[in-house]
Structure formats: C-alpha cells, structure tokens
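Reviewing the structure listed below.
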Amino acid sequence: MAKRYYLYSRKRKGKPAVWYARFRSADGTIGSPVCTRQTDQPKAEQWAVEALLKGETLATRKPGAPTFEEWSAQWWIHGECPYIGEKLANGYNISRKYAAVRRSYLIKHLVPEFGKYRITQLKPRQF
C-alpha cells in the first residue's frame with residue numbers, strides 16, 4: 001500500500017530549509033503541499049503522523065473545493081478578477097478589450113471542457 005503522505009524540504013534564502021507534507025486522499029490523488037513549519041525531518045514526520053491521526057489532512061480541510069466553472073466566474077472581468085487587479089496594482093496595463101478576448105476564450109473553450117471538474121481534480125496532464 002502506498003504511503004499516506006510524503007515529505008520534502010524547501011530551501012529558504014538565509015534561513016534553514018522548511019519541510020512540507022503532501023497527503024494522499026482515499027481515491028489516490030495527492031493534495032496540495034502543506035507547510036509543517038518544521039526545520040528537521042523527524043519533527044516533520046511526527047507532525048504528518050499527528051495530522052493524519054487527527055484527520056487534519058488537506059483532503060478533510062477543503063472538502064468543498066469549487067468547480068473550475070465556479071472558480072473562473074470572475075476571471076478576466078475588469079474590476080472583479082483578482083489577477084487583473086494585481087497586475088494593474090503592480091503597474092501593468094491590461095486593457096478591457098484584451099480581457100474581453102481572453103474571457104471569450106475561457107468561456108468558449110476551457111469552461112465547456114473542464115467546468116464540471118473540481119479544482120483539486122485538475123492535473124497538468126489533462127491539458
């Protein structure tokens with residue numbers, strides 16, 4: 001049987017590396033990384049085992065992940081899209097026409113193909 005989690009470390013500039021855990025759900029998919037906030041592997045292992053025993057893995061923390069259609073409802077709409085808002089705040093220029101064209105691609109091609117899937121179900125090999 002496959003291990004219920006795996007650990008890996010991420011280096012940080014000027015600081016010790018920190019350990020992250022990824023948990024495997026019952027259907028075999030692996031969730032997003034969760035920071036253990038531990039700088040040594042044995043403590044990170046202990047943290048992961050305790051999280052499993054308490055049922056605090058990523059799969060139980062975010063049971064209602066939105067579908068791609070729900071998640072993309074605001075995407076490429078000026079004044080609503082967080083991506084456009086951040087780009088404009090950082091000095092980039094995204095015109096309303098550019099956003100409208102990108103929105104039409106999203107609605108015409110991506111939402112019909114991936115709209116019914118939950119965000120957590122989408123994997124890079126689907127593209």
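Heavy-atom basis, side chains included; hydrogens, waters and symmetry copies ignored.
- Contact detail for Leu106 and Pro112: the closest heavy-atom pair is O-CD, 4.3 Å.
- Ring centroids of Tyr105 and Trp76 are separated by 6.0 Å or more, keeping the two rings apart.
- One finds the CZ atom of Arg118 at 6.0 Å from the CD atom of Glu70 (value rounded to the nearest 0.5 Å).
- Under the 4.5 Å side-chain heavy-atom criterion for ILVMFWY residues, a single connected hydrophobic cluster contains both Leu88 and Trp75.
- Scanning all heavy atoms of the two residues, the minimum distance from Ser72 to Arg103 falls at O-NH1, 3.0 Å.
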Please report, to 0.1 Å, the donor-acceptor pairs under 3.5 Å made by any side chain of residues 6-13, with sequence neighbours excluded.
| unit_1 | atom_1 | unit_2 | atom_2 | d |
| --- | --- | --- | --- | --- |
| Tyr6 | OH | Arg22 | NH1 | 3.4 |
| Tyr8 | OH | Arg10 | NH2 | 3.2 |
| Arg12 | NE | Pro16 | O | 2.9 |
| Arg12 | NH2 | Pro16 | O | 3.1 |

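- Taking OH of Tyr92 as the start and CD1 of Ile84 as the end, the distance is 14.5 Å to the nearest 0.5 Å.
- The cluster map of Ile, Leu, Val, Met, Phe, Trp and Tyr, joined by side-chain heavy atoms under 4.5 Å apart, puts Leu53 and Trp19 in the same cluster.
- Residues Val111 and Phe68 meet the side-chain proximity criterion, which asks for heavy atoms closer than 4.5 Å.
- Placement of Trp47 and Leu52 within a single hydrophobic cluster is found when ILVMFWY residues are connected by side-chain heavy-atom separations under 4.5 Å, directly or transitively.
- The hydrophobic clustering, which links ILVMFWY residues whose side-chain heavy atoms are closer than 4.5 Å, places Tyr83 and Ile77 apart.
- For the residue pair Lys87 and Ile94, the shortest heavy atom distance occurs at CB-CD1, 3.7 Å.
- Heavy atoms only, all atoms of each residue included: Arg96 and His78 are closest at NH1-CB, 3.0 Å.
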Under 3.5 Å, side-chain donor or acceptor atoms of residues 39-46 against the rest of the protein: list the pairs with distances, not counting sequence neighbours.
| unit_1 | atom_1 | unit_2 | atom_2 | d |
| --- | --- | --- | --- | --- |
| Glu45 | OE1 | Tyr5 | OH | 2.6 |
| Gln46 | NE2 | Glu50 | OE2 | 3.2 |

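- Between Tyr117 and Phe114, the two ring planes are tilted [angle within 30° to 60°].
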